[in-house]
Structures are given as C-alpha cells and as structure tokens.
There are 2 protein chains.
Amino acid sequence: MTSDSRLSWRDVRDRIHEHILTGRYGPGDRLPRDADIAEELGCARSTVQRAMQDLSDSGLVERRRKGGTRVRAEPVTRATLDIPITRREVEQSGARYGYQLIRRRMAPAPRGVVAAFGLGASRPMLRVEALHLSDGRPYIFEDRWICPETSPEVNDLDFTEESANEWLVLNKPYTRLDLRFYAVSANPRLSDLLETEPGAALLVIERTTWVDDAPITTVKAITTPGYQLLTGS
Amino acid sequence: MTSDSRLSWRDVRDRIHEHILTGRYGPGDRLPRDADIAEELGCARSTVQRAMQDLSDSGLVERRRKGGTRVRAEPVTRATLDIPITRREVEQSGARYGYQLIRRRMAPAPRGVVAAFGLGASRPMLRVEALHLSDGRPYIFEDRWICPETSPEVNDLDFTEESANEWLVLNKPYTRLDLRFYAVSANPRLSDLLETEPGAALLVIERTTWVDDAPITTVKAITTPGYQLLTGS
DNA sequence: AACGGTAATATGTAGCTACATATTTTGTCA
DNA sequence: TGACAAAATATGTAGCTACATATTACCGTT
C-alpha cells in the first residue's frame, strides 16, 4: 500500500517486529524512544506511535510513560475470538439451520448464575433452554438465564420461533462480557438432547453480559462432539 | 481523565456506543459522517475517527470508504484471549510450578500435524511430550511438534529443565497464529498421565505458529478436569 | 542514609491540514 | 438500455504542533 516514499505505520510496525524476530531486540530489552525511531526511519513521531500502539495491543511490547517501550519479558499468546450468532455459524458452514425451544420458564437463579453475575442474592430470572440444529441434527444446546429487570421485553417474547441468542445479540448490546471455555461429560439428559453417547466430552462456551453492571444474560452453550472453536485473527 | 472541556476519543466512543445501546441507531442503520459527528460534539474529526476505529475493532460497527459507518446488522461477540506461559499461569494462581519431560524424539509428522501446518507432505519433526505441574499435581499435558528446519537450535536443547513452551515463547516470536479449542475424553494414557478417571472430559487448547509461512510449532495442551479458559477483556 | 519535593522525560492525546484510497453515484455515449 | 468513464464523497493515513500525564531521576534537606 502507501508504498510511495512515505512510510505507513504498518511498515514501521513490521520493521520493528522484524527487529524483534531477528533478535536485535530480545525479551526485556528497551527500544529507542519513538522520536528517535521516527528520525531514523524518516517519518513522524505520530506514525511510530501508531505502530507501537499496535505492537502493544498485540502483546509484543509494553509501553510506559517515561519508562519507554520494551519487549515483553514474558510474552503472552494473544488472539481475538469472534463468536457469531449460532444461526449464522450454521448457515456459513453450508448447512440448513434449525431451532427448537425446549423450555421457557421463570425460576429462582441458582448459585452458579448468581455467581456468574456477581450478584449478592438469588432472584427470579427467565430460563430459556433451546436447541440449535444443523441440517436437522443437534448442534448446540443452550441453557440461558435472562435478567428480566434489565430486559423487561422478554416477558412478551416466547422464543418459539426466534432464538434468545439471536434476539439478545440484536437487541441487547452489552458493555461488559465474560467468556469462559471448559469441557464437560454428557450427562443422560445432555446425551439425549444432543444425540450423543453418554459421557461424551463436550466443549462448553459460557458467556455472561452486562450493561454497566446491570446483568443481561448468562448462557452455557454446550456443543456437540467434534465442535471446534477457532480464532480468526 | 481528560475531563476538561475537550472531549477524548473515549468519550466520543462511549457517546456513540450509548446511542447504539438506547436504540437511536439500530442494527444496519447508517451513522452520520465523522465530520458531522465531530461538528455536533465540538471536536476534531480525528477524534471521531479514533472512536469509530475502536468501535469497528470491537465489532460493533462496520466502516467502508464512501459507504460510511453503519451498525453491524449481525453483530459478533468479539473478545481477546491472553494465554500466558504455563509456568506463569501456575505461579500467578499462587501454586508451585513443576515441569517434567515425558519424551523427546524425532519422528515423521503424522497427518494431523501436517494438516495443521498446511504442508504438502510429511517430514521428520521433533516431538516433545511434557507435563506441567501445579503444586506437584498434573496441570497440563502438552504434546508438541517442532519443525527443526525453522528452529535448528532445538537440536541442542533437551527440554529436561526448561519447557519447550517457555523456550519457544521467549525465543521464537511468530507472525501467524492459529488457535483452536475442543474437548476430548481421557484415553487410558491421558488419564494415567493426568491422574484423572478414564473418560473424563478434558479441554484441549491447540496452538500452531508460523514465521512468514514457515512452520514453527504445533501443540496440543491437554488440560486437567475443571480447567477453565477465561477472557481478560 | 532516608525522605520528600522538583525537574526531566517518554508516551498519550487532541487538533489541524493535506492528501490517499475505495466506492458509489452520476453522466455520457453508443 | 447498457457499458464505461468521470465526479463526488466518506473514510484512511501521514505529518505537524501543542499540551497532558505518568513515572523516573535527581537533589537538597534533615
């Protein structure tokens, strides 16, 4: 791109990355000041700043005011995950999407849900259990709790046609998100719903969202065997 | 922060986010041009640009030249994952870290590894199997393949004291990363190594790295039951 | 030597301008 | 009507300046 005479901030970033790759700057080493790099490369400090920000965002370097920039002594593996709406995920794989509501009812939130939201005490919430299908076969079972105080509209929604997943993602943007991944063995009910052998290992994607400390929803998405979650970046 | 008279790009971002939250702009809607928003809020276009970039990065809006900015019609749940070095992960939990090499030998790469790297044919690679311990108990078992063409130094490393995980993360920065998560049932060997019941559900974190299309390493990190992977953002 | 205040310094941010780039829209000609 | 070229337009990027902010370094006092 901008391959002219001017250096783009991506060029600068890649050049510094290159220096880290080749060992010119090793873990813990301090890099020159932005201004010096700018002069050396013949670009503006703002360009170096953008490049450094990006390297910092991707976890390769650490920056501190007055302290300068240094290569992370203990790098982290950092990646961005995109989790689409389940319907879209199925459709993009070329399969036909299906949806089936299993149960919808108010119930007092159990301990796990109260803890996920960081609430003090239990309270009644809407529990929605549903099955996402891919070409007619079970794909993901979701066990969801919705806080009716934050989303009063759910009292008028039956979730028989549109999934809570879809409705919430479209209508309830969040300000805070908590994700966790773990594995569980299929208990009799799960193996029945997902049509798997009892005891099969299943990946669970647990998601909890808030708007400014007000809990929206928490959901366990229990996937079928063989399901893999991939990074896009 | 910059709470003075001047608006920071974070303020602008939050203000626009607020408008999306309250439904002033719904999914698919087009937002005003940056310049108009800048004028309305009394700040520079560059400030709005930064705010919009951030909203775009977090998957809330989509921007296209000439096309303008619009709220994503089908939002994605986007999150950033940080996976630290295993030693550090254990130490940060307050436990004592231990490491044990199980096996280290050259072997022809099996199909799965060849596929993960996107190679045409199999070739000999270094396989390193090792156990990470937390307070003396198994924590993560890693089954790793290293490409000796890309990292010839590994021929002189025995990985009995320092884990391949640590050495690679410190000495082999990558330019491309592939992450995948899934669940497996513990087979007899795994349940023996990890001291779990046979058939236990285990979360697997699979990581593959490259430097400019040259494969570095691919590793299956098989965690013990109860292990959870969390987002930091 | 310990403490505390002040200066020095590197990054962070806001604003401005100018131009680049991608895309849509418009207009013209066959 | 269709195809293609040209104009219009919104975002993207680079450079500059000025100032804010965090943190380290220094120095004087006790």
Side-chain angles (χ1 to χ4, degrees), chain A residues 1-17 19-20 24-25 27-73 80 233, chain B residues 1-17 19-20 24-25 27-73 80 233:
Chain A
M1 327 288 123
T2 329
S3 55
D4 244 303
S5 55
R6 307 228 283 210
L7 280 171
S8 99
W9 65 267
R10 284 166 221 277
D11 298 334
V12 174
R13 177 198 58 189
D14 293 344
R15 180 108 48 135
I16 297 166
H17 190 181
H19 285 157
I20 294 172
R24 173 158 161 187
Y25 303 122
D29 285 2
R30 182 167 169 181
L31 275 65
R33 315 161 27 204
D34 290 8
D36 291 345
I37 294 181
E39 196 183 11
E40 187 191 322
L41 300 182
C43 67
R45 177 166 83 90
S46 50
T47 306
V48 177
Q49 156 82 17
R50 243 170 299 185
M52 287 297 199
Q53 264 310 331
D54 195 65
L55 289 170
S56 174
D57 286 345
S58 63
L60 209 65
V61 303
E62 269 173 334
R63 282 161 75 75
R64 282 168 63 194
R65 285 176 161 155
K66 164 82 183 180
T69 306
R70 46 187 65 225
V71 181
R72 271 184 98 110
T80 303
S233 170
Chain B
M1 332 274 135
T2 326
S3 55
D4 244 303
S5 54
R6 308 227 284 209
L7 280 171
S8 100
W9 64 268
R10 285 166 220 278
D11 298 334
V12 174
R13 177 198 59 188
D14 293 344
R15 180 107 48 134
I16 297 165
H17 191 180
H19 284 156
I20 294 172
R24 172 159 161 186
Y25 303 122
D29 285 1
R30 181 167 168 181
L31 276 65
R33 313 159 31 203
D34 291 6
D36 291 345
I37 293 181
E39 195 183 10
E40 187 190 323
L41 300 181
C43 66
R45 177 165 83 87
S46 51
T47 306
V48 177
Q49 157 82 16
R50 244 169 299 184
M52 287 297 199
Q53 264 310 330
D54 195 67
L55 290 170
S56 175
D57 287 345
S58 62
L60 209 66
V61 304
E62 269 173 334
R63 281 161 78 73
R64 282 169 63 195
R65 285 174 160 157
K66 164 81 184 181
T69 307
R70 47 188 64 226
V71 181
R72 270 185 98 109
T80 303
S233 171

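Below, chains carry the letters A, B, ... as their sequence lines are ordered, and counting in each starts from 1. These numbers come from the heavy atoms of this one structure, side chains and all, not from hydrogens, waters or symmetry mates.
At the phosphate of dT11(C), OP1 or OP2 sits under 4.0 Å from a side-chain N or O atom of Thr69(A). In terms of phosphate contacts, Arg63(B) brings no side-chain nitrogen or oxygen within less than 4.0 Å of OP1 or OP2 of dA10(D). Look at Ser8(A) and you'll find a side-chain N or O under 4.0 angstrom from OP1 or OP2 of dA14(D).
Within the model, atoms CZ of Arg64(B) and OG of Ser56(B) stand 12.5 Å from one another, a figure rounded to the nearest 0.5 Å.
A donor-acceptor pair under 3.5 Å is absent between the side-chain atoms of Asp54(A) and the main chain of Ala51(A), judged by distance alone. Side-chain N or O atoms of Arg70(B) include one that pairs as donor or acceptor with a backbone N or O of Gly28(B) at under 3.5 Å.
Arg70(B) comes within 4.0 angstrom of nothing in the nucleic acid, heavy atoms only. The residue Gly68(A) sits close only to the backbone: its heavy atoms come under 4.0 Å of sugar-phosphate atoms, none of a base. Residue-level contact check: Arg10(B) touches the backbone only, with heavy atoms under 4.0 Å from sugar-phosphate atoms and none from bases. Across all strands shown, Thr47(B) has heavy atoms under 4.0 Å from sugar-phosphate atoms exclusively, and none from any base. Contact annotation for Arg64(B): backbone-only contact, meaning every heavy-atom pair under 4.0 Å involves sugar-phosphate atoms and none involves a base.
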Original post:
Given Leu31(B) and His19(B), is the side chain to side chain contact (heavy atoms under 4.5 Å, CB included) satisfied, shown in steps?
Top reply: CA-CA 10 Å; Leu31(B) 276 65; His19(B) 284 156; over 6 Å; no

**OP:** Please step through side chain to side chain contact (heavy atoms under 4.5 Å, CB included) for the pair Leu55(B) and Arg63(B), ending with a clear verdict.
**Re:** CA-CA 10 Å; Leu55(B) 290 170; Arg63(B) 281 161 78 73; over 6 Å; no

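Rounded to whole Å, the distance from CG on Leu7(B) to P on dG12(C) is 21 Å. One atom, CG of Asp34(B), and another, C1' of dG12(D), lie 10 Å apart when rounded to the nearest Å. Residue Gln53(B) contributes atom CD, which lies 10 Å from atom C1' of dT13(D) at whole-angstrom precision. Taking atom CE of residue Met52(A) and atom C1' of nucleotide dA10(C), one finds them 11 Å apart after rounding to whole Å. Note: CZ (Arg65(B)) to C1' (dT9(D)) measures 12 Å, nearest angstrom. In this structure, the CG atom of Asp54(A) is 13 Å from the P atom of dG12(C), given to the nearest Å. In this structure, Gln49(B) places its CD atom 11 Å from P of dA14(D), rounding to the nearest Å. Atom CZ of Arg33(B) is separated from atom P of dT23(C) by 19 Å (rounded to the nearest Å).
Considering only the side chain of Lys66(B), dT23(C) comes nearest among dA18(C), dT23(C), dT23(D). Taking every side-chain heavy atom of Arg30(B) into account, dA10(D) is the closest of dC19(D), dC19(C), dA10(D).
Checked by distance alone, Arg50(A) brings no side-chain donor or acceptor within 3.5 Å of a matching partner on the base of dG12(C).
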